[in-house]
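Chain letters run A, B, ... following the sequence lines, proteins first and then strands; every chain starts at 1.
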Amino acid sequence: MRNRRINRDELIWHAVAAIPFGMVATYGQIAEWAGLPRQARQVGYALHNLPADSTVPWHRVINAKGMIAFPPGSAQYYRQRELLNSEGVLFVGQRIDMRRFRWKPTMDEAVWGVP
DNA sequence: GTCTTGACTAAGC
DNA sequence: GGCTTAGCCAAGA
């Protein structure tokens, strides 16, 4: 069987799985950490292909606006919101307080929010 | 091969 | 704060 190279999806899933409990990350962040910059859409695509029996915390991935990518009112929207709420991620209306819950990788070296 | 779609983002109005 | 436009890349028809 050859060393199957890690698929793009698995790379993304791995990055998503690295998000700690009670934290969230944006699609752009996941793409970048997975080594796929500018491919935020691919992250959503990979999550869409995520098997139902997977343990990947897909609900910790949100868009850059701090909102769930699903349209409000949809079953998926409420499911993700409930999962986040159960982890202590509080919502302000339809938005998450990114200043508190956005995960910052390697806080010592990471440069996020640089002007 | 081209065209459309998509769990996105940033900038402009 | 919300809508529109443009940019981006990959998968599917």
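Every pair passing salt bridge (charged side-chain N to carboxylate O under 4.0 Å, His left out) that includes a residue from residues 74-95 of chain A is listed here, sequence neighbours excluded: A:R60-A:E87. Every pair tested for salt bridge (charged side-chain N to carboxylate O under 4.0 Å, His left out) that includes a residue from residues 11-28 of chain A fails, sequence neighbours excluded, so the list is empty. The stretch residues 30-75 of chain A participates, sequence neighbours left out, in these ring pair (Phe, Tyr, Trp, His ring centres under 6.0 Å) pairs: A:W33-A:W103. Screening residues 74-98 of chain A for ring pair (Phe, Tyr, Trp, His ring centres under 6.0 Å) gives no qualifying pairs among residues at least two apart or on separate chains.
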- Reading nucleotides 2-13 of chain B from 5' to 3' and marking B where a protein heavy atom lies under 4.0 Å of the base, S where only the sugar-phosphate is that close, and - otherwise, the string is ----BBBSS---
In residues 14-23 of chain A, what donor-acceptor pairs under 3.5 Å come from side-chain atoms, sequence neighbours left out?
none

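Among the duplex regions that DNA chain C forms, those built from at least three successive Watson-Crick or G-U pairs under 3.5 Å are B:2-6 with C:9-13, B:8-13 with C:2-7, ordered by first number.
Rounded to whole Å, the separation between the P atoms of C:dG7 and B:dA7 comes to 22 Å.
Nucleotides of DNA chain C that come within less than 4.0 Å of any heavy atom of chain A span, from the 5' end to the 3' end, C:dG1 to C:dA11.
With sequence neighbours excluded, the residues that form a side-chain contact (heavy atoms from CB on, under 4.5 Å) with A:A40 are A:Y27. Residues that satisfy the side-chain contact (heavy atoms from CB on, under 4.5 Å) test with A:R41, not counting sequence neighbours, are absent from this structure. In this structure, A:P37 has no side-chain contact (heavy atoms from CB on, under 4.5 Å) partners at least two apart in sequence or on a different chain. A:N85 pairs by the side-chain contact (heavy atoms from CB on, under 4.5 Å) definition with A:L90, not counting sequence neighbours.
Each of A:M67 and A:Q39 has a nearest nucleotide on DNA chain C; the 5'-most of these lies closest to A:M67.
In terms of hydrophobic clustering, with Ile, Leu, Val, Met, Phe, Trp and Tyr side chains grouped at heavy-atom distances under 4.5 Å, A:M98 and A:F101 are assigned to a common cluster.
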